[in-house]
A.B. asks: 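Sending over a structure as structure tokens; questions will come in a sec.
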Amino acid sequence: MDNLTPVGKLFFANLISFINNDGHKFIWKLKGDPEKIQAFTKVIVAIKDYQTETKKPDTTIDKITKKMQAKNQAIQEFEAIFGQKWPM
């Protein structure tokens with residue numbers, strides 16, 4: 001993430017805050033190719049679902065594993081569409 005602009009760093013800081021904090025809203029409006037927006041959104045939702053599941057006191061290894069697999073799949077799809085690694 002060293003090569004991000006200051007605006008890019010703000011974007012990802014807000015994204016991380018959104019993922020880790022259920023009460024925080026994601027304030028950025030995304031524009032672009034629908035396929036890329038969908039891939040990006042899918043990764044965000046999968047990561048958030050995984051983080052939320054790990055915080056539940058009654059979760060199971062099976063539930064966490066399924067969320068982790070969904071997250072990894074979304075990241076792989078992102079990387080295939082964008083042609084670069086997921087930046088986080």
Side-chain angles (χ1 to χ4, degrees):
M1 292 188 38
D2 292 336
N3 58 350
L4 288 176
T5 66
V7 173
K9 289 178 182 179
L10 282 173
F11 173 82
F12 280 103
N14 182 246
L15 180 61
I16 291 167
S17 181
F18 168 74
I19 290 168
N20 289 319
N21 184 355
D22 289 334
H24 185 81
K25 293 186 178 183
F26 188 68
I27 60 172
W28 295 78
K29 301 275 186 204
L30 300 177
K31 295 181 182 180
D33 180 303
E35 181 185 34
K36 289 182 177 181
I37 297 294
Q38 183 178 5
F40 186 83
T41 303
K42 189 174 179 181
V43 170
I44 301 309
V45 170
I47 291 172
K48 178 113 176 126
D49 287 348
Y50 171 74
Q51 290 293 328
T52 301
E53 191 63 44
T54 62
K55 294 176 185 176
K56 291 180 181 177
D58 62 340
T59 194
T60 64
I61 295 294
D62 188 46
K63 289 179 183 177
I64 291 173
T65 301
K66 287 179 183 178
K67 297 291 184 178
M68 184 173 50
Q69 288 171 341
K71 175 184 71 91
N72 292 341
Q73 179 65 34
I75 289 171
Q76 287 176 352
E77 290 173 16
F78 173 92
E79 292 174 351
I81 290 170
F82 280 83
Q84 61 186 30
K85 292 260 183 210
W86 173 248
M88 296 194 297

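What's counted below: heavy atoms across the whole structure, side chains too, no hydrogens, waters or symmetry copies.
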A.B. asks: Are Tyr50 and Ile75 grouped together when hydrophobic residues (ILVMFWY) are joined by side-chain heavy atoms under 4.5 angstrom apart?
C.D. replies: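 No: no chain of side-chain contacts under 4.5 Å links Tyr50 to Ile75.
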A.B. asks: Please check if atom NZ in Lys63 has more than 12 non-hydrogen atoms from other residues, nucleotides or ligands closer than 6.0 Å.
C.D. replies: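 It does: Lys63 NZ has more than 12 such atoms within range.
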A.B. asks: Roughly how far, to the nearest 0.5 Å, is CD of Glu35 from CZ of Phe82?
C.D. replies: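 Answer rounded to 0.5 Å: 9.0 Å.
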A.B. asks: With Lys42 as the cation and Phe78 as the aromatic partner, state whether NZ or CZ is under 6.0 Å from the six-membered ring centre and within 45° of the axis.
C.D. replies: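 The answer is no, since Lys42 fails at least one limit relative to Phe78.
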A.B. asks: Any side-chain heavy-atom pair from Asp49 and Lys71 closer than 4.5 angstrom?
C.D. replies: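 Side chain of Asp49 against side chain of Lys71, heavy atoms only: no contact under 4.5 Å found.
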A.B. asks: For Val43 and Ala74, which heavy atoms make the closest approach, and how far apart are they?
C.D. replies: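 Val43 and Ala74 have their closest heavy atoms at CG2-O, 3.3 Å.
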A.B. asks: Is the CD atom of Gln38 crowded by more than 12 outside heavy atoms at less than 6.0 Å?
C.D. replies: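 Counting other residues, nucleotides and ligands, CD of Gln38 stays at 12 neighbours or fewer.
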A.B. asks: So, using side-chain hydrogen bond (donor to acceptor under 3.5 Å, both in side chains) as the criterion, who are the partners of Thr59 when residues are at least two apart?
C.D. replies: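 Thr59: side-chain hydrogen bond (donor to acceptor under 3.5 Å, both in side chains) contacts with Glu53.
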A.B. asks: From Thr65 OG1 over to Asn72 CG, what is the distance, rounded to the nearest 0.5 angstrom?
C.D. replies: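 Between Thr65 OG1 and Asn72 CG, I get 10.5 Å after rounding to 0.5 Å.
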A.B. asks: Compute whether any side-chain donor of one residue and acceptor of the other, for Gln69 and Gln73, lie under 3.5 angstrom apart.
C.D. replies: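 Gln73 and Gln69 do not have a side-chain donor-acceptor pair below 3.5 Å.
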A.B. asks: Distance check, rounded to the nearest 0.5 Å: Ile47 atom CD1 versus Thr52 atom OG1?
C.D. replies: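 Here the interatomic distance stands at 11.5 Å.
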